[in-house]
Amino acid sequence: MPGGVWRFGMARYNAKESEKYWQAEWDRRGAFRTPEDSARPKCYVLEMFPYPSGSIHMGHARNYTMGDVIARFRRAQGFNVLHPMGWDAFGLPAENAAREKKVDPREWTYANIATMRAQLKLMGLAIDWEREFATCDPEYYRHQQKLFLDFFEAGLVYRSEADVNWDPVDQTVLANEQVIDGKGWRSGAPVERRKLSQWFFRITSFSEELLAGLDTLERWPEKVRLMQKNWIGKSEGLRFSFDLSDGRALDVFSTRPDTLFGASFVALSPDHPLTEELAKKDAKLAAFVAECRRTGTAEEAIEKAEKLGYDTGLKAVHPFDAGWELPVVVANFVLMGYGTGAIFGCPAHDQRDLDFARKYKLPVLPVVVPDGADPKTFTVGDEAYTGPGHLANSRFLDGLEVDAAKAEAAKRIEAMGKGTRTTNYRLRDWLVSRQRPWGCPIPMVHCAKCGVVPARESDLPIRLPDKIAFDVRGNPLAHHPSWKHTACPACGGPAERETDTLDTFVDSSWYFARFTDTKAETPVSTDAVDYWLPVDQYIGGIEHAILHLLYSRFFTRAMKKTGYVKLDEPFAGLFTQGMVCHETYRGQNGGWLLPDEIEKRDNKAYLKGSDTEVIVGPSEKMSKSRKNVVAPETIIEIFGADTIRWFMLSDTPPERDLEWTDEGAEGCWRFVQRIHRLVTETVGLPAPGTAMGDVSGAGLELRRATHRAIAAVTDDLAALRFNRAVARVYELANAIGSADAGVDGAVRREALEALVLLIGPMMPHLAESCWRTLGHQTLVAETPWPKADAALVRADVLKMGVQVNGKLRGTIEVAPDAAEDAVKASALALDGVVRALDGKTPKRVIVVPRRIVNIVA
RNA sequence: GCGGGCGUGGCGGAACUGGUAGACGCGCUGGAUUCAAAAUCCAGUUCUGGUGACAGAGUGUCGGUUCGAUUCCGACCGCCCGCACCA
């Protein structure tokens with residue numbers, strides 16, 4: 001009923017009607033359009049945009065509620081707030097749906113978006129919907145293709161060979177999640193690692209900058225910065241060569257040249273060029289390599305696999321001893337992508353090398369001995385020693401500390417001309433090619449005459465074809481009858497389009513910049529990004545701690561290099577929220593059951609409407625596979641959006657996992673009703689703005705409670721401690737509810753108005769309706785945030801604990817500025833203290849002002 | 001396997017920079033109101049012993065630093081996240 005009449009004093013708060021009314025009212029007044037051209041400070045609040053899977057789940061509800069609270073809070077504090085929403089719309093699920101349900105991925109995706117947009121709108125989010133876009137909109141990916149061409153021009157894009165998971169039966173490339181126990185998820189055939197020529201972004205050209213930039217991200221969680229730091233994996237080491245028995249030299253990289261005298265083998269990656277060469281003449285080696293390639297490309301799988309090796313028969317000469325030969329093996333745990341793809345193995349001081357040496361009965365000689373241990377007797381069992389210590393069994397390195405030994409070994413190798421000290425990074429270049437039909441086409445053309453040629457900018461966007469056939473093997477784009485055929489942009493002759501599409505991480509690496517001006521004719525408009533970026537508060541799941549955030553940081557630097565932005569770091573503030581969990585239920589036959597299918601009686605769970613008991617399992621992340629899901633839509637239908645929002649903010653700290661319970665939701669619903677009652681049932685309030693006279697006694701107590709709540713909630717919301725803000729709101733509501741009947745009306749009004757404004761960002765519909773009931777014609781959404789009076793926040797009496805030998809024996813009440821001697825005296829006079837001292841004289845009395853007294857007896 | 005995190009009553013959690021452990025909510029118990037139920041209101045609720053005042057124990061486990069440790073350090077146990085083609 002937009003524009004209708006708001007009815008006062010309903011006995012019970014009708015959330016459904018109220019929410020509909022206020023959502024329409026916000027819409028009508030354009031309350032959440034992004035303010036521009038103003039002298040006020042800006043605040044860009046962004047939540048990680050969703051994949052349009054088909055429905056909003058609790059994780060979304062939690063994420064978007066938090067962002068919405070910040071957006072509304074900052075708006076009330078006088079910021080220009082940008083709070084947009086969009087869709088991360090390319091990706092595998094649409095292809096799976098297309099294959100399984102014979103639907104068009106585009107239609108499927110946009111239908112999902114429509115459903116989810118409607119669900120999000122029910123939550124009453126303060127979002128500027130005029131800026132919405134989906135990454136599968138040609139209007140978006142057209143600009144992404146332009147960025148790709150600019151990056152190519154700037155030398156940030158190149159083509160190279162890379163491994164993929166190859167399903168030999170389906171003749172298709174598989175994603176890691178489509179490889180289950182080394183087999184293709186559809187065909188069941190053992191997966192092979194295969195090389196393809198693919199596109200890369202040169203993210204490693206920013207390795208050092210991406211690492212150094214982490215130190216500037218003060219409002220990022222420490223754990224995320226640490227994870228990124230480890231991911232980039234900067235290490236100082238030595239790159240040097242072994243002379244091989246066949247006259248060749250083999251380059252290896254090591255961060256531990258100090259352990260060279262503990263070496264017992266040299267190992268090559270199965271993908272090392274030398275391995276491939278040797279395998280041509282050694283059928284057994286070729287078979288071994290093929291076996292290694294069955295692991296797929298996932299690093300986890302490779303590292304978890306049993307350590308296997310194959311002796312090539314070649315020997316490597318120890319660089320410090322021409323008479324010392326080490327066997328050269330091919331080992332499945334040596335990664336081609338790191339260092340040189342070849343290592344020397346020192347089993348005593350590296351766990352993987354040790355596992356390998358034990359299996360193949362190779363020598364394990366400790367060369368670093370922890371301080372305090374005897375070099376003659378120190379041995380290594382099943383656990384490699386990686387700690388500090390001094391060198392032993394190492395000739396000229398003996399007695400040196402690890403760092404000194406590293407330096408000495410490196411110096412000698414360098415002097416011999418066999419190697420150089422280098423900095424190595426674990427970070428690899430970003431492989432962006434995907435052999436998938438539902439992604440952003442890579443704007444390149446292959447011409448027999450001219451080679452690989454960039455598409456013309458005037459031809460952008462290179463659109464996906466309208467009809468994609470999914471019942472083919474391999475990449476449907478490559479099999480499309482006409483799509484790939486085009487004219488070469490250079491010579492005009494017949495040529496073929498690149499049929500690879502971009503990794504969907506590319507789509508999400510710059511969407512935050514596009515939101516600042518979604519109408520711009522270029523990828524971004526300079527004025528808009530200069531004004532709005534960086535994002536002031538970014539919120540999303542911890543699962544994105546590394547890849548998405550690192551790629552976005554790279555993209556921002558690449559966009560700086562190509563002249564689009566002036567900054568390096570896209571997200572000034574980052575918050576990673578926890579997951580939403582729920583109990584799991586299984587029937588007698590072991591099958592999972594939906595929470596909807598069970599009911600609880602006397603602490604047991606039964607199949608709804610029966611006496612069949614249900615097995616209650618532990619609380620786990622809500623997932624369709626375990627059926628432990630509760631749909632936000634259902635909860636909104638029953639209780640309304642404010643209830644689910646309040647639940648999402650209550651109790652659990654936002655970075656931790658949250659458990660959904662029906663009882664908790666009912667508690668939130670009761671609190672919604674309680675606030676409504678507090679506001680509607682308080683009689684005799686003076687008109688808004690009425691001044692209050694001198695206030696003392698119960699009135700003063702209520703004023704103190706009000707201003708303490710304002711101060712605490714303000715701090716808590718600014719620090720994203722939503723659960724604490726919620727607790728403070730409960731305290732204020734309790735104080736108002738239990739206030740003495742004689743308290744002045746103007747004091748009550750102040751308390752109620754504060755309560756309503758404080759819940760404004762969290763339960764916006766209820767707040768608007770209470771605000772109207774309190775006689776205001778304005779919107780809470782347009783009302784400034786309340787200010788706490790510092791004089792009322794300060795306490796006039798302090799309660800201090802008094803301990804004897806660290807055990808609490810009583811409390812004393814003192815003035816905040818009480819002298820230490822007076823505090824001491826009243827502490828020693830306490831009954832409990834006298835009893836605990838039992839006549840003994842205190843040795844020492846520690847008084848920590850305003851906090852505690854500890855008497856040491 | 002490697003990297004990162006978390007662990008406090010029956011449950012979710014609070015405790016700022018090492019200073020009264022359990023704020024606030026859920027649940028439960030008792031009472032008021034009601035023909036009854038829902039809703040609401042009042043009281044209680046870490047555990048053990050005690051009618052009680054009170055005493056003892058207690059923040060995953062074990063040990064350490066300190067006048068004092070949920071907080072700092074070491075080892076261990078359990079759970080969770082990421083590992084480059086899920087998003």
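Lettering follows sequence order; numbering is per chain, from 1.
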Q. So, are Glu306(A) and Lys359(A) salt-bridged, with charged N and O less than 4.0 Å apart?
A. yes

Q: Report yes or no: does Ser269(A) contribute a side-chain atom to a donor-acceptor pair with the main-chain N or O of Val334(A) at less than 3.5 Å?
A: yes

Q: Taking the six-membered ring for Trp and the full ring for Phe, Tyr or His, determine whether the centres of Tyr140(A) and Trp510(A) are under 6.0 Å apart.
A: yes

Q) Parallel, tilted or perpendicular for Tyr730(A) and Phe671(A), by the 30°/60° rule? A) tilted

**Q.** Chi-angle category of G78(B) [syn within 90° of 0, anti beyond]
**A.** anti

Q. Do you see a donor-acceptor pair shorter than 3.5 Å between the side chains of Asp167(A) and Ser187(A)?
A. yes

Q: Kindly express the pairing pattern of RNA chain B in dot-bracket notation, using | wherever a base pairs with another strand and counting only Watson-Crick or G-U pairs under 3.5 Å.
A: (((((((..(((......[....)))((((((.......))))))((((....))))..(((((..]....))))))))))))....

Q) With Arg193(A), which of Asp271(A), Asn165(A), Thr297(A) fulfils side chain to side chain donor-acceptor pair (under 3.5 Å)? A) Asp271(A)

Q.
Quick one about Trp199(A) and Glu498(A) (side-chain donor to acceptor, distance below 3.5 Å, no hydrogens or angles considered), yes or no?
A. yes

**Q.** Presence of salt bridge, Arg426(A) and Glu299(A), under 4.0 angstrom
**A.** yes

Q: Name the orientation class of the two ring planes belonging to Trp108(A) and Tyr51(A) (parallel below 30°, tilted from 30 to 60°, perpendicular beyond 60°).
A: tilted

Q | Mutual orientation of the aromatic rings belonging to Phe201(A) and Phe555(A) [parallel < 30°, tilted 30-60°, perpendicular > 60°] | A | perpendicular

Q: Treat primed atoms plus P, OP1 and OP2 as sugar-phosphate and everything else as base, then score nucleotides 64-87 of chain B 5' to 3': B for base contact with protein heavy atoms under 4.0 Å, S for sugar-phosphate contact only, - for none.
A: ---BS-----------SSSBBBSB

Q: Quick one, give me the B/S/- string for nucleotides 48-58 of chain B, reading 5' to 3', where B means a protein heavy atom under 4.0 Å from the base and S means that only happens at the primed atoms, P, OP1 or OP2.
A: ------SSSS-

Q) Which one, G4(B), G7(B), C26(B), comes nearest to the side chain of Arg656(A)? A) G7(B)

